[in-house]
A.B. asks: 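Sharing a structure here in structure tokens format.
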Amino acid sequence: MSPIVDPRVEAYVEAHTTPPGPALAAVAEETRATLSSPQMLTGTVEGRFLELLVFAAGARSVLEIGMFSGYSALAMAAGLPADGTIVTCEVSEDHAAVARRHIAASAYAEQIEVRVGPALETIAGLDGPFDLVFIDADKEGYPAYYDACVPKLSKRGLMAIDNTLQSGRVVDPTPDDERAQGMARFNEMVLADPRTTSVMLSVRDGVTLVRLAASTT
């Protein structure tokens, strides 16, 4: 993942963000040491951002699409009230095994439920509503995940969608960059959706926040 902003600014932002505690640091260390594609790790800044989103929204029910090694689930759990819960979806058994180990050793073991399998099947079996939905899975699946989750948002629920800037390539994707082209189409889809109101932020690789439009609540 190429930086969107000056790397010096990114380093300054991280240095002025409350650092992760031992549990998250352990997840990050194992992810970087043992898993392929460690750049998929949510990391310090976005992890705190998600935690504060959960806290500010007063979220009690969270749905995560794409758990990877569990960093983001544990980060969000820190923003939950004592009766809050997270359902997190992961298609890889190997990734889920790493995440489960760290979740079990954390203070949030009773609040995080890991579901392994195709996310759309998991979503279809969940009643909701959810106060916060975080989407950070296979990018070609984003349109389907988005459409499946919008009806499951609570009245004041938020959706946070990761990697919507694709290192800035969505601005002018080249003909051979199918991933950036696909994300650019998805971004236009979200913008045009009359059911929702959205804002795109240049946090890390781009995070789009979505809520239900006033006319639908």
A.B. asks: Residues two or more places apart in sequence or in another chain: which of them pass side chain to side chain contact (heavy atoms under 4.5 Å, CB included) with V199?
C.D. replies: L201, L209

A.B. asks: When you compare the side chain of I161 with that of M183, does any pair of heavy atoms fall below 4.5 Å?
C.D. replies: no

A.B. asks: Which pairs pass salt bridge (Lys or Arg N to Asp or Glu O under 4.0 Å) with one or both residues in residues 109-129, sequence neighbours excluded?
C.D. replies: E113-R115

A.B. asks: Flag the pair P19 / L24 as yes when at least one side-chain heavy-atom distance between them is below 4.5 Å, and no otherwise.
C.D. replies: no

A.B. asks: Just to verify, what does A148 make a side chain to side chain contact (heavy atoms under 4.5 Å, CB included) with, not counting sequence neighbours?
C.D. replies: L120, I123

A.B. asks: Any side-chain heavy atom of T88 within less than 4.5 Å of one from F134?
C.D. replies: no

A.B. asks: List in chain and number order the residues that pass side chain to side chain donor-acceptor pair (under 3.5 Å) with K139, two or more places apart in sequence or in another chain; answer none if no residue qualifies.
C.D. replies: D136, Y142, N163

A.B. asks: For T44 and T17, which I'm curious about, is there any donor-acceptor pair between the side chains at under 3.5 Å?
C.D. replies: no

A.B. asks: For residues 65-75, which side-chain N or O atoms pair as donor and acceptor with protein atoms under 3.5 Å away, sequence neighbours left out?
C.D. replies:
| unit_1 | atom_1 | unit_2 | atom_2 | d |
| --- | --- | --- | --- | --- |
| S69 | OG | T31 | OG1 | 2.7 |
| S72 | OG | E64 | OE2 | 2.3 |

A.B. asks: Would you compute the distance between atom CE of M76 and atom CG of L132 and round it to the nearest 0.5 angstrom?
C.D. replies: 6.5 Å

A.B. asks: With sequence neighbours excluded, give me every salt bridge (Lys or Arg N to Asp or Glu O under 4.0 Å) pair touching residues 92-107.
C.D. replies: E30-R101

A.B. asks: Between L63 and M159, is a side chain to side chain contact (heavy atoms under 4.5 Å, CB included) present by the stated rule, with each step listed?
C.D. replies: CA-CA 9 Å; L63 172 62; M159 187 184 299; over 6 Å; no

A.B. asks: Sequence neighbours left out, cut at 3.5 Å: what donor-acceptor pairs do the side chains of residues 55-62 make with other protein atoms?
C.D. replies:
| unit_1 | atom_1 | unit_2 | atom_2 | d |
| --- | --- | --- | --- | --- |
| R60 | NE | D83 | OD1 | 3.3 |
| R60 | NE | D83 | OD2 | 3.2 |
| S61 | OG | P129 | O | 3.1 |
| S61 | OG | D131 | N | 3.2 |
| S61 | OG | D131 | OD2 | 3.3 |

A.B. asks: Can you tell me how far apart OG1 (T85) and CD1 (I112) are? Round to the nearest 0.5 Å.
C.D. replies: 10.0 Å

A.B. asks: Which residues pass the ring pair (Phe, Tyr, Trp, His ring centres under 6.0 Å) test with Y146, not counting sequence neighbours?
C.D. replies: F186

A.B. asks: Quick test of your reading: applying ring pair (Phe, Tyr, Trp, His ring centres under 6.0 Å), list the pairs with at least one residue in residues 161-184, sequence neighbours left out, ordered by first then second residue.
C.D. replies: none

A.B. asks: Determine which pairs satisfy salt bridge (Lys or Arg N to Asp or Glu O under 4.0 Å) with at least one residue from residues 69-79, sequence neighbours left out, and list them in order.
C.D. replies: none

A.B. asks: Are L80 and Q111 close enough that some pair of their side-chain heavy atoms sits under 4.5 Å apart?
C.D. replies: yes

A.B. asks: Mind checking what makes side chain to side chain donor-acceptor pair (under 3.5 Å) contact with E51, not counting sequence neighbours?
C.D. replies: R48

A.B. asks: Testing the basics here: between V45 and V13, what is the closest heavy-atom pair and its distance to 0.1 Å?
C.D. replies: CG2-CG1, 3.8 Å

A.B. asks: So do the side chains of L165 and M200 get within less than 4.5 Å of each other, counting heavy atoms only?
C.D. replies: yes

A.B. asks: Show every salt bridge (Lys or Arg N to Asp or Glu O under 4.0 Å) that has at least one partner inside residues 168-186, sequence neighbours left out.
C.D. replies: R169-D177

